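Below is one structure; the comments refer to it alone.
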Amino acid sequence: MDDLDTSHLEWDTPLYRLAVTQLDRTAERMGLSEAIWHRLRTPQRAHLVLFPFRRDNYDTVDTVFDYRVQHLTTMGPTKGGIRYDRGVNLGEVTALAMLMSWKCAIMNLPFGGAKGGVRIEPSEFSASELQRITRRFTSEIIDVIGPDRDIPAPDLGTNEQVMAWIMDTYSQQKGFSVPGVVTGKPIEIGGSLGRREATGRGVVSCMVESCRHLGVAVEDARVVVQGYGNVGANTARIARHLGARIVAVSDVRSGIHDPRGLDIAEVDRWIAEHRFLEGFPNAEPVSNADLLTLACDVLIPAAIERQITAENAARVQCRILVEAANGPTLLEADSILAERGIFVVPDILANAGGVTVSYFEWLQSLQHFLWSEEEVSSKLISLMQNAFRDVLGLAQQHGVDMRTAALMRGVGRIAEAKRRRGIFPWRKQPKAGEREGRRESGRGARRARWLIRKHSPGSASRAFSRSPSSGASRSAPRSGASRSAKGTRCSSSTACRSAPCSIRSFPRSTRTHTIPSATASPGSTCTRSSTRRSAS
Ligand code: NAD
């Protein structure tokens, strides 16, 4: 698509290019309508917010860059996390918002995709500074978020507490409590049981289904997890609970490795005390780069994007790769993994458990309900299993990999919804004498337009309503087939063609219309049926 060159766009970054290339390949394979394809490549709305921010020492004032991108509003309110990260930019947030759209559609959730970001390194800010940044950011985007508009959630570098601050700031401004404005908030203020573990639980569901599909036993399967935050740690805990052996985990600084399996409870105690994995006893240290190439059955990148590259894909030693993080695999790496027969569960399916339980939380918040943890988990697992099997079935049917199949499902559902909704406004009603965008000019055409205005259905009824003798009200129907108007019915197609009759100016619905007096007797009507032009 030559006309879809995006290189001049403000959000053109490597991650955006990755997301858009994935879309392009899928759209081409599906034969997607160009109009829909074009629309899906870009965000529907993008908000860039900058504000000054005073640090705790009171002297330093920083300028903070923040983003909120809403990719698609066709399916319902938009939904997506907010990340606090030094590398956040418009392209990254746009790409992640696109992935959210596909993800929600794969899971059949009534949301479009969104994403937000604040360009800071959260570990360099105190809790009170983070709170002030969060509240200011919330008030800057207050008009574009809301339970029926756009619902943020936690992501990289944010957590339940950040969601609580957003919910409180929003509620303070509205004057009443609005729990549905965010998901992933603490239970005490309307959060859902099971949300904290949801993304990890969904990742493990995909892992279990993949193992079942490939005949790998989950018990004792060797699992490597990159990133030990919300998603990574919960994935490791749940997988361990099912009997898998977690042989390595890492955080932003470093990793730890034990081929016999790590004691996850001990790792958790260490993290609670020391914050980072560094120095953990009873395991070998391993770098993040080396961790990705350790021998294992299942590799789970659960930290950041762009981790499996053309450079390391040939050295990855797993049978199954479950993408818990968003965008961890580059395009070139994807084909290398496919050639090597590594089964990849793509991010838009693997980490969809988070947004699925966010959807449950949103429903509970709107209804002021509290579901049990058992209810949440069993509903989540069942939806994840269904989605996995659906995507796997599609992959087998079309002979494509899981990523392509997942994109086909997500993009396909959105395209169908867009087709059903159509385009607003539907089309501009052309003025008289204006056809195919060309407005006829000259004295004759001007007079013709004047005549049509004068005799068009609307003006006929207006004139009719002005008539002292008619007594008709101003709300007389606009239809030109004013039965009480004096005149004869036209049977001459010549008259219609030669006169600029209103059938040309109202091709959509005018079937009976008034012929101008210049070519026929005044007020006469024509019964020639109009040609309905198809909607664009
Ligand atoms: P988090 O901030 O809780 O944890 C991130 C983990 O990754 C931390 O252990 C951090 O130390 C580590 N990390 C950060 N930078 C790293 C680097 N350069 N190399 C290695 N490790 C690094 O974030 P999270 O909520 O667990 O999110 C992790 C990933 O999962 C992100 O890609 C996010 O978009 C995705 N995700 C999260 C959710 C959710 O519900 N939180 C849902 C869907 C997808």
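Please read these numbers as outputs of a predicted model, since none were measured by experiment. Atoms within each ligand, like the ligands themselves, are counted from 1 in listed order.
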Angle between ring planes, Trp11 versus Tyr16, binned at 30° and 60°: parallel, tilted or perpendicular?
perpendicular
Atoms of ligand 1, numbered as shown, that sit under 4.0 Å from any heavy atom of Gly157
2 (O)
Between the side chains of Lys185 and Asn159, is a donor N or O closer than 3.5 angstrom to an acceptor N or O?
no
Would Glu305 count as a polar contact of ligand 1, with the cut-off being nitrogen or oxygen pairs under 3.5 Å?
no
If hydrogens are left out, which of Pro122, Ala153, Pro328, Gly229 has an atom nearest to atom 4 (O) of ligand 1, that is, the closest non-hydrogen atom?
Gly229
Contact partition for Ala302 relative to ligand 1, non-hydrogen atoms under 4.0 Å:
backbone
With heavy atoms only and a cut-off of under 4.0 Å, state how Glu197 meets ligand 1: side chain, backbone, both or neither.
neither
Side chain, backbone, both or neither: which applies to Val252 and ligand 1 if a contact is any heavy-atom pair less than 4.0 Å apart?
both
Looking just at side-chain N and O atoms, do Ser250 and Gln226 make a donor-acceptor pair shorter than 3.5 Å?
no
Closest to atom 1 (P) of ligand 1 (judged by heavy-atom distance), picking from Asn234, Asn230, Leu292
Asn230
Which residue from Asn351, Asn159, Thr199, Leu96 reaches closest to atom 40 (O) of ligand 1 through any of its heavy atoms?
Thr199
Do Ser171 and Asp168 pass the side chain to side chain donor-acceptor pair (under 3.5 Å) test, and can you show the C-alpha distance, the side-chain angles, and the key distance before you say yes or no?
CA-CA 5 Å; Ser171 301; Asp168 183 68; over 6 Å; no
Taking distance alone, with no angle check, do Lys103 and ligand 1 share an N/O pair under 3.5 Å?
no
With no hydrogens and no angle check, do the side chains of Thr169 and Thr138 hold a donor and an acceptor under 3.5 Å apart?
no
Side chain, backbone, both or neither: which part of Ala324 has a heavy atom under 4.0 Å from ligand 1?
backbone
Would you kindly say whether Arg135 and Gln172 are connected by a side-chain donor-acceptor distance under 3.5 Å?
no
Using a distance-only test with no angle check, is there a side-chain donor-acceptor pair under 3.5 angstrom linking Tyr84 and Arg119?
no
Under 3.5 Å, is there a donor-acceptor pair between the Asn230 and Thr199 side chains?
no
Are a donor atom and an acceptor atom from the side chains of Thr404 and Arg29 found within less than 3.5 Å of each other?
no
Does the side chain of Thr21 come under 3.5 Å of the side chain of Asp24 through a donor N or O and an acceptor N or O?
no
Protein residue, atom and distance nearest to atom 9 (O) of ligand 1, heavy-atom basis
Tyr228 N, 3.0 Å
Please say whether Gly232 places an N or O atom under 3.5 Å from an N or O atom belonging to ligand 1.
no
Distance-only N or O hit between ligand 1 and Arg83, under 3.5 Å
yes
Which class fits the ring pair Phe111 and Trp362: parallel under 30°, tilted 30 to 60°, perpendicular over 60°?
perpendicular
Examine Lys115 against ligand 1 and note whether any of their N/O atoms are separated by less than 3.5 Å.
no
Do Asp268 and Tyr228 have side-chain atoms, one donor and one acceptor, less than 3.5 Å apart?
yes
Options Ile304, Val231, Leu156, ranked by nearest heavy atom to atom 26 (O) of ligand 1, top entry
Val231
If you measure every N/O of Asp155 against every N/O of ligand 1, is any gap under 3.5 Å?
yes
One residue to check: Asn288. Relative to ligand 1, which of side chain, backbone, both or neither has a non-hydrogen atom less than 4.0 Å away?
side chain
I'd like to know if Arg195 contacts ligand 1, where contact means a heavy-atom distance under 4.0 Å to any ligand atom.
yes
If you compare Gly353, Gly327, Ala303 by their heavy atoms, the one closest to atom 32 (O) of ligand 1 turns out to be Ala303
